[in-house]
Number of protein chains: 2
Amino acid sequence: MSKCEQCIVREFSALKALNKDELLKLADCKTSYVVKKGEVIFDEGDHLDGIFCVKDGVCKLTKLSSNGKDQIVKLVARGELLGQRSLISEEPTNLSAVALEDMTVCFVPKSQVMDFFNENNKFSLGMMKNVCHDLKEADNVLVNLAQKNVKERLAATLLYLHDSFGVNEDGSLKLHLSREEISSIIGTATESCIRLLSEFNKSGLIELSGKKIILKDKKELRKLAE
Amino acid sequence: MSKCEQCIVREFSALKALNKDELLKLADCKTSYVVKKGEVIFDEGDHLDGIFCVKDGVCKLTKLSSNGKDQIVKLVARGELLGQRSLISEEPTNLSAVALEDMTVCFVPKSQVMDFFNENNKFSLGMMKNVCHDLKEADNVLVNLAQKNVKERLAATLLYLHDSFGVNEDGSLKLHLSREEISSIIGTATESCIRLLSEFNKSGLIELSGKKIILKDKKELRKLAE
DNA sequence: ACTAAACTATGACAAAAATCATATTTTAAT
DNA sequence: ATTAAAATATGATTTTTGTCATAGTTTAGT
């Protein structure tokens with residue numbers, strides 16, 4: 001069992017508010033495990049009995065629409081927490097979490113989180129700020145979905161993937177998403193997404209080589225995304 | 001200056017956690033005032049120095065998109081609080097609040113809210129649950145915007161207006177929204193919205209008499225909305 | 001290395017939605 | 001009460017987006 005003191009999650013999440021003593025308790029009760037790409041961490045409607053720390057890897061939060069398609073609501077990266085809203089609301093999860101890469105995840109039981117929550121004001125405030133940030137982001141995504149067309153949303157999404165998850169040495173987007181997953185972020189048919197990527201490729205905005213996507217003209221993409 | 005004990009906002013919001021003593025403090029520091037239909041309570045980007053209790057009336061929370069159009073993100077009814085996220089995040093507001101009817105609103109200064117927040121766990125938990133609820137709702141709206149077509153979204157919105165804000169004696173929707181505002185909820189062009197309302201009217205799903213909208217076939221609307 | 005399955009790509013077409021134009025009706029201000 | 005402005009309505013047209021069909025490519029499992 002590793003200690004939590006040096007964990008990446010402490011840098012980015014509410015866990016940074018924990019003191020040495022609390023960190024020991026955390027290290028003592030947590031369960032660390034590996035999630036393979038494509039595996040489900042939790043499903044929409046599940047009752048969670050704790051939260052998850054994402055030590056490594058990226059996952060998607062999705063919701064199944066009545067038309068049978070999954071919508072990606074948010075991507076969660078290394079260093080972030082999963083299941084906070086559900087824990088605070090004392091409700092089943094509203095979204096499913098599925099690994100986009102092999103992940104390392106720690107599960108922290110609810111009882112321990114609630115102890116921190118009730119006894120450490122900085123911790124609870126930190127968690128609230130996370131939820132508040134998620135709300136702000138969700139509102140912004142909502143506005144973009146309602147007001148921008150597919151081309152604009154695709155441009156914005158490519159830039160988001162670039163800025164948030166970085167690029168490899170060859171300049172290609174580090175986070176690998178299938179065309180279907182990109183479509184599921186921007187809320188469009190897979191064929192439409194593929195067609196637009198092809199168009200962006202032809203007009204020099206991006207470069208498609210195999211499954212790799214390289215943003216060639218970020219300035220123009222930014223203009224497109226507005 | 002009226003007391004806060006009997007206020008409707010206490011029934012529905014985090015304020016229900018306040019005790020008698022705290023209520024007196026609240027009554028003492030609050031400022032009650034009237035907002036006329038169409039008036040702005042706060043604007044996107046404003047720094048709020050407190051929160052608002054909606055004693056009466058309904059307002060819309062909107063965000064200006066880069067295409068110059070306003071998107072309605074949420075409707076806030078009597079009994080709810082405004083500005084909670086902004087207060088917790090210590091950030092400017094992400095949305096504008098505009099009265100859809102004449103309203104009565106109380107402003108509660110930040111210092112007092114933070115006192116309650118820090119000293120009354122039930123209050124802070126209540127406020128967090130509100131934000132969590134908003135996040136869940138925002139995610140759901142986001143999925144609908146991404147995955148449903150305009151007709152389905154219109155049907156869903158009419159039902160939402162019916163269920164959340166009720167009807168007059170003649171069965172017409174109580175909350176009066178312009179066609180442009182309905183369009184701004186469902187994220188479509190005003191003409192498209194008008195055309196579909198007309199279509200719903202002709203096919204007997206709703207009845208349009210003047211500006212009034214009466215839902216005639218809720219079952220079929222529900223089927224449409226999925 | 002081979003094969004099936006999954007993923008990507010593209011064309012043809014249909015459907016949905018936006019835009020532009022123009023009436024008509026309603027509302028608000030004088 | 002009159003008039004201008006705003007809101008609603010509808011037609012014509014274009015653009016955007018989705019659907020279906022099919023072919024090529026990549027990936028994973030034996």
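Every chain is numbered from 1 and lettered A, B, ... according to where its sequence line falls, protein lines coming before strand lines.
- Rounding to whole angstrom units, NZ of residue A:Lys212 and P of D:dT25 are separated by 19 Å.
- Rounded to a whole Å, the CD1 atom of A:Ile182 is 17 Å from the P atom of D:dT17.
- Separating the NZ atom of B:Lys148 from the C1' atom of C:dA17 is a distance of 18 Å, rounded to the nearest angstrom.
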Please write out each protein N/O paired with an N/O of nucleotides 8-10 of chain C under 3.5 Å, distance rounded to 0.1 Å.
residue : atom : partner  : partner atom : Å
C:dT8   : OP2  : A:Arg179 : N            : 3.0
C:dA9   : OP1  : A:Arg179 : NH2          : 3.4
C:dA9   : OP2  : A:Arg179 : NE           : 2.8
C:dA9   : OP2  : A:Arg179 : NH2          : 3.1
C:dT10  : OP2  : A:Ser198 : OG           : 2.3

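- Side-chain contact of A:Asn94 with A:Lys63: a donor-acceptor pair under 3.5 Å is present, judged by distance alone.
- Here B:Glu207 does not pair with B:Lys212 in a salt bridge; the nearest charged N to carboxylate O distance is not below 4.0 Å.
- A salt bridge links A:Asp56 with A:Arg78: the closest approach of a Lys/Arg side-chain nitrogen to an acidic carboxylate oxygen falls below 4.0 angstrom.
- Inter-residue side-chain proximity for B:Val150 and B:Ile186 is flagged as met; some heavy-atom pair is nearer than 4.5 Å.
- A salt bridge does not link B:Glu137 with B:Lys74: none of the charged nitrogens is closer than 4.0 Å to a carboxylate oxygen.
- Using a 4.0 Å cut-off between charged side-chain N and carboxylate O, A:Lys202 and A:Glu199 make no salt bridge.
- One can place CD of B:Glu199 at 14 Å from C1' of D:dA9, the figure rounded to the nearest angstrom.
- In this entry the distance linking CG of B:Leu196 with C1' of C:dA15 reads 13 Å, nearest Å.
- B:Asp102 contributes no side-chain N or O that, together with a main-chain N or O of B:Lys36, makes up a donor-acceptor pair within less than 3.5 Å.
- One can place NZ of A:Lys151 at 14 Å from P of D:dG18, the figure rounded to the nearest angstrom.
- The side chain to side chain donor-acceptor pair (under 3.5 Å) test with A:Asn67 singles out one residue from B:Gln147, B:Glu226, B:Glu152, B:Lys148, and that residue is B:Gln147.
- Atom-to-atom, CZ of B:Phe200 to P of D:dA9 comes out at 14 Å; the value is rounded to the nearest Å.
- Comparing atom distances between the A:Asn149 side chain and each of C:dA17, D:dT19, D:dT16 picks out D:dT16 as nearest.
- Residue A:Thr188 has no polar side-chain atom (N or O) positioned under 4.0 Å from OP1 or OP2 of D:dT17.
- Between A:Leu61 and B:Asp139, the closest side-chain pair of non-hydrogen atoms is not below 4.5 Å.
- Near-neighbour residues of DNA chain D inside residues 62-76 of chain B, defined by a heavy atom below 4.0 Å, are absent.
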